[in-house]
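Below: the structure, in structure tokens.
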Amino acid sequence: MSRSFRPQRTWFLVGIFIVNALLVLLLTTEPIRSWIPTDSRGIVVSFRENSFVLGLIGAFTGFSVGRLFLPDSVVLGRSSARHPKAVGRVLIAPACAAQVSGYLTGILGALAMVGFERGSEVVLPILAVCLGLLGLTVWGFLIGSTLRSNVGIFAVVIIVLILVYAPLVVNSYVLPDSSVSARALGMVWAINEPSADLTFSYLAEMTRALFYLMILIVGLFLF
């Protein structure tokens with residue numbers, strides 16, 4: 001036995017919530033601290049453009065939780081009699097809930113700073129970003145619970161890089177002159193001034209949300 005633990009430790013979940021809430025608040029309010037006027041759209045675009053940092057932290061959170069599920073770990077109490085999938089849900093579900101709560105708290109705090117101006121336009125984009133970040137957390141958990149060696153750390157970074165930047169790279173280098181765009185699927189769009197007068201395409205945001213939901217479901221099924 002290399003480790004014993006009790007799932008859903010309160011301090012761990014509270015820590016996840018606080019770290020994510022503060023980080024989202026700090027990153028998404030960057031446009032407010034600049035000279036460019038901004039509204040709710042700029043806040044949410046900044047949220048999206050920082051997906052790599054947030055996704056990396058989320059993926060490593062999932063990875064650390066997944067390490068507890070390795071064969072050389074022991075689940076104490078009644079959990080030891082449960083099916084492995086049930087144990088996995090007990091481990092990852094509270095962490096994901098704490099993460100999403102942190103994201104929403106941070107983004108709502110940032111939106112409050114701009115008075116929720118044009119806030120009705122950002123509900124679907126926020127949902128898409130949160131689904132993408134949740135997908136990265138689940139894939140981090142999947143890697144942490146299956147790869148016993150420390151090579152899993154590098155695998156987590158690679159997975160995050162692929163899911164965050166691959167559509168942008170494909171759009172720039174594979175489909176540069178094509179009428180088909182892969183940018184809509186990207187978690188990052190490489191927009192340097194997110195507070196500019198931008199509008200959201202509901203079709204693009206719905207496509208992104210469904211795409212990230214698929215990634216999330218695939219990760220859960222693979223586990």
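Quick note: residue numbers are just sequence positions, from 1. This is a predicted model, so every value here is computed, not measured.
By the criterion of side-chain heavy atoms lying less than 4.5 angstrom apart, applied directly or through intervening Ile, Leu, Val, Met, Phe, Trp or Tyr residues, V164 is grouped together with I153 in one hydrophobic cluster. Both L131 and V188 are assigned to one and the same hydrophobic cluster, defined by single-linkage of ILVMFWY side chains at heavy-atom distances under 4.5 Å. Under a hydrophobic-cluster definition in which Ile, Leu, Val, Met, Phe, Trp and Tyr are linked whenever side-chain heavy atoms come within less than 4.5 Å, directly or via other members, W11 and I57 are assigned to the same cluster. Follow the hydrophobic side-chain contacts under 4.5 Å out from L210 and you reach I215 in the same cluster. Linking ILVMFWY residues whenever their side-chain heavy atoms come closer than 4.5 Å, directly or via other members, leaves V19 and L22 in distinct clusters.
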>> Under the criterion side chain to side chain contact (heavy atoms under 4.5 Å, CB included), I'd like the reasoning laid out for I43 against I32: C-alpha separation, chi angles, the key distance, then a yes or no.
In response: CA-CA 8 Å; I43 296 294; I32 299 176; 3.7 Å; yes
> Which is it for W139 and V218 under the side chain to side chain contact (heavy atoms under 4.5 Å, CB included) test, yes or no, and what are the steps along the way?
Replying inline: CA-CA 9 Å; W139 276 84; V218 169; 3.9 Å; yes
> I126 and L111: side chain to side chain contact (heavy atoms under 4.5 Å, CB included), yes or no, with the steps?
Replying inline: CA-CA 11 Å; I126 289 176; L111 292 174; 4.1 Å; yes
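Using a 4.5 Å heavy-atom threshold, the side chains of F116 and D39 count as separate. Residues M187 and L133 form a side-chain contact, since some pair of their non-hydrogen atoms from C-beta on lies under 4.5 Å apart. You'll find the side chain of F211 reaches within 4.5 Å of the side chain of M214, heavy atoms only. You'll find the side chain of V114 stays beyond 4.5 Å of the side chain of T29, heavy atoms only. Annotation: side chain of L25 is in contact with side chain of M113 (closest heavy-atom distance under 4.5 Å). Side-chain contact check for E121 versus Y202: some heavy-atom pair is nearer than 4.5 Å. Using a 4.5 Å heavy-atom threshold, the side chains of L54 and V24 count as touching. Proximity of E30 to E49: side-chain heavy atoms (C-beta onward) are nowhere separated by under 4.5 Å.
C96 pairs in a side-chain contact (heavy atoms from CB on, under 4.5 Å) with only one of the listed residues (I16, V65, L134, T61), which is L134. Partner of R208 under the side-chain contact (heavy atoms from CB on, under 4.5 Å) criterion, chosen from L203, V129, L124: V129.
Of the inter-residue distances, the one linking L104 atom CG with C130 atom SG reads 5.0 Å to the nearest 0.5 angstrom. The structure places CZ of F221 at 10.5 Å from CG of L216, a figure rounded to the nearest 0.5 Å. Here L136 contributes atom CG and L163 contributes atom CG; the two are 5.5 Å apart, rounded to the nearest 0.5 Å. Atoms CD1 and OG1, on I107 and T28 in that order, are 4.5 Å from each other to the nearest 0.5 Å. Here OG1 of T137 is found 8.0 Å from CG of N20. Values are rounded to the nearest 0.5 Å. Separating the OG1 atom in T207 from the OH atom in Y212 is a distance of 10.5 Å, to the nearest 0.5 Å.
Checking side-chain atoms of T105 against main-chain N and O of S101 turns up a donor-acceptor pair under 3.5 Å. For the pair S51 (side chain) and R48 (backbone), a donor-acceptor distance under 3.5 Å is present.
The heavy-atom pair separating S145 from L142 by the smallest distance is OG-O, 3.1 Å. A pairwise comparison of heavy atoms in V156 and G140 identifies CG2-CA, 4.5 Å as the closest pair. The shortest non-hydrogen separation linking I92 to G62 is CD1-CA, 4.4 Å. Closest approach of L27 and S46 over heavy atoms only: O-OG, 3.0 Å. Across every non-hydrogen atom of G58 and Y103, the tightest pair is CA-OH, 4.5 Å.
The environment of M206 atom CE is sparse: at most 12 non-hydrogen atoms of other residues, nucleotides or ligands sit within 6.0 angstrom.
Taking the six-membered ring for Trp and the full ring otherwise, Y165 and F52 have centroids separated by under 6.0 Å.
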